[in-house]
Amino acid sequence: MPKPRSTDATAPSLPDVSDRPATDALVDRFGREATDLRLSLTDFCNLRCTYCMPASGLTFLAKDQMLSVDEVVRLVRIGVEHLGIDQVRFTGGEPLTRPDLDEIIAGVAALRPRPNISLTTNAIGLDVRAAKLKAAGLDRINVSLDTVVSETFERMSRRPLLHRVLEGIDGARRAGLDPIKVNAVLLPGVNDHELPDLLDWCLDRGLQLRVIEQMPLDADRIWDRTSMITAADVHGILADRFELTAAEEPRNGAPAELYEVTDRSSGAHRGQVGIIASVTRPFCADCRRTRLTAEGRVRTCLFSREETDLRGALRGGGSDEEIARIWRAAQWGKKAGHGMNSTDFVQPDRPMSAIGG
């Protein structure tokens with residue numbers, strides 16, 4: 001029998017905001033201001049990647065538990081009009097499994113001021129939807145793709161669907177979505193040795209590869225810090241074929257450290273690669289993100305063990321300002337960092353698919 005979707009999230013009383021500055025922005029006690037909203041549209045995914053989901057046994061949110069189109073658009077509007085949000089990334093699960101995704105994007109694109117709208121996806125089915133999503137207002141995408149080797153893809157995702165992902169990327173390119181970033185997680189002894197070929201494949205197609213350190217957000221709890229592929233390992237794996245030089249443009253709160261890529265054999269500049277070192281080089285001090293789960297709960301960090309409900313106020317007749325007040329208070333309670341380097345760190349019970357990346 002499938003087990004209920006696990007969640008360690010609690011509904012705490014809101015933090016004391018008596019010392020909060022008089023600003024509408026989503027600020028916290030450490031001087032950070034959140035302007036980037038990551039909003040999960042579903043906890044369902046049509047892949048079962050080993051570093052994210054179990055092979056089986058999860059149940060998923062019912063339709064009435066998830067935010068509707070109107071609720072998503074209203075929450076984003078509150079974020080834009082009342083809280084200073086200027087970037088919105090839709091995540092999952094897999095957001096393409098929402099048939100109403102184009103309606104959501106169109107509703108957000110109609111907001112003023114208009115936020116930048118992006119999507120994190122596995123690209124399955126994107127080939128037939130990319131043009132419509134672009135027309136609705138989607139600006140850019142991040143595609144999760146850890147390998148371009150079919151056997152490795154099936155081993156990591158537990159599904160023989162690499163060809164569907166590649167078709168989706170091609171569809172996004174035809175639709176004019178730009179830039180297209182590729183997110184890759186490396187697992188030791190599985191796909192780490194394929195990284196140079198993956199980078200070469202991306203550079204040949206004008207795609208921007210982002211290599212992400214594996215984080216302790218897997219449902220099977222097999223994450224092992226002592227054997228994970230680190231940012232330093234990434235440099236070592238690429239060193240024989242590519243020279244990486246730190247890019248000059250400022251990071252501005254972005255998760256990825258960017259590097260210019262030069263081909264060692266030809267000396268030609270090939271493009272850029274990004275490395276997201278959440279574990280070994282945490283960037284919490286400059287975090288500018290706030291998160292909403294598919295059921296409308298604020299998470300101030302991927303590794304939060306507390307969530308603050310906005311859906312209740314939304315469906316209970318709360319005003320825009322009341323919802324904004326709750327959101328501001330939740331963000332004020334954001335911790336200084338994710339705490340992975342602390343001896344008392346506890347991995348969240350929710351896997352990445354149930355949080356939203």
Side-chain angles (χ1 to χ4, degrees), residues 28-36 38 51-52 87 89 91 118 120 142 144-146 179 181-196 198-199 202 208-218 222-262 271-291 299-305 334-348 352 355-357:
D28 62 39
R29 290 186 175 89
F30 303 94
R32 298 167 296 196
E33 180 177 330
T35 56
D36 181 349
R38 307 294 174 97
Y51 54 81
C52 181
Q87 296 185 64
R89 177 183 298 278
T91 69
S118 58
T120 295
N142 283 47
S144 300
L145 179 63
D146 307 310
K181 299 177 183 178
V182 172
N183 296 340
V185 175
L186 301 183
L187 301 183
V190 179
N191 67 329
D192 53 331
H193 62 287
E194 298 175 4
L195 177 59
L198 178 61
L199 176 56
C202 289
Q208 300 183 14
L209 180 64
R210 299 289 187 267
V211 186
I212 305 174
E213 288 183 338
Q214 185 191 4
M215 294 176 282
L217 290 169
D218 58 305
I222 59 174
W223 181 79
D224 183 354
R225 182 167 185 153
T226 63
S227 64
M228 60 170 279
I229 305 297
T230 67
D233 294 329
V234 170
H235 283 270
I237 294 169
L238 294 174
D240 284 347
R241 286 174 57 179
F242 303 103
E243 179 183 356
L244 303 188
T245 306
E248 292 185 358
E249 58 254 49
R251 192 166 173 179
N252 290 333
E257 297 178 80
L258 294 181
Y259 296 88
E260 305 293 343
V261 181
T262 301
Q272 290 185 330
V273 65
I275 300 176
I276 301 178
S278 303
V279 179
T280 63
R281 301 176 188 171
F283 39 88
C284 302
D286 198 25
C287 179
R288 304 179 189 185
R289 283 162 290 288
T290 187
R291 302 174 185 276
R299 289 181 72 98
T300 59
C301 174
L302 273 174
F303 297 93
S304 295
R305 296 184 63 81
K334 182 180 176 77
K335 295 181 179 179
H338 53 50
M340 273 189 278
N341 292 317
S342 174
T343 56
D344 60 355
F345 173 76
V346 178
Q347 177 177 338
M352 176 71 86
I355 295 172

Taken to the nearest 0.5 Å, the spacing of Phe303 CZ from Cys284 SG works out to 8.5 Å

Close side-chain approach of Phe242 and Val273, heavy atoms under 4.5 Å = no

Taking C-beta and beyond as the side chain, do Leu209 and Val261 meet within less than 4.5 Å on heavy atoms?
-> no

What distance do Cys287 atom SG and Asp28 atom CG have between them, rounded to the nearest 0.5 Å?
-> 8.5 Å

Specify the closest pair of heavy atoms between Leu195 and Val211, including all atoms of both residues, with the distance to one decimal.
-> CD1-CG2, 3.9 Å

Nearest atoms (heavy-atom pairs only) where Pro196 meets Leu238 | CA-CD2, 3.8 Å

Who passes side chain to side chain donor-acceptor pair (under 3.5 Å) against Arg288, sequence neighbours left out?
-> Asp286

With sequence neighbours left out, what residues match Tyr259 under ring pair (Phe, Tyr, Trp, His ring centres under 6.0 Å)?
-> His235

Using side chain to side chain contact (heavy atoms under 4.5 Å, CB included) as the criterion, list what pairs up with Gln208, not counting sequence neighbours.
-> Pro179, Lys181, Arg210

Sequence neighbours left out, what passes side chain to side chain donor-acceptor pair (under 3.5 Å) with Glu260? Give chain and number order.
-> His269, Gln272

Sequence neighbours excluded, which residues qualify as side chain to side chain donor-acceptor pair (under 3.5 Å) partners of Arg241?
-> Asp197

Supply the atom-to-atom distance Leu186 CG to Asp146 CG, rounded to the nearest 0.5 angstrom.
-> 7.5 Å

Residues in side chain to side chain contact (heavy atoms under 4.5 Å, CB included) with Ala277, at least two apart?
-> Glu213, Ala231, Glu257, Thr280, Arg281

Does a sphere of radius 6.0 Å around CD in Glu249 hold more than 12 heavy atoms from other residues, nucleotides or ligands, not counting ones at 6.0 Å or beyond?
-> yes

If every non-hydrogen atom of Ala256 is compared with every non-hydrogen atom of Gly274, which pair is closest and at what distance?
-> CB-CA, 4.2 Å

Can you tell me how far the CD1 atom of Ile275 sits from the CG atom of Leu244, to the nearest 0.5 Å?
-> 6.0 Å

So which of Lys334, Arg32, Arg291, Lys335 actually passes side chain to side chain contact (heavy atoms under 4.5 Å, CB included) with Thr300?
-> Lys334

Contacts of Ser144 that satisfy side chain to side chain donor-acceptor pair (under 3.5 Å) - sequence neighbours left out | none

Can you name the residues that form a side chain to side chain contact (heavy atoms under 4.5 Å, CB included) with Asp36, not counting sequence neighbours?
-> Arg38, Gln87, Arg289

Partners passing salt bridge (charged side-chain N to carboxylate O under 4.0 Å, His left out) against Asp233 (at least two apart in sequence or in another chain) | none

Contacts of His193 that satisfy ring pair (Phe, Tyr, Trp, His ring centres under 6.0 Å) - sequence neighbours left out | none

Would you mind reporting whether Thr230 and Val279 have side-chain heavy atoms less than 4.5 Å apart?
-> no

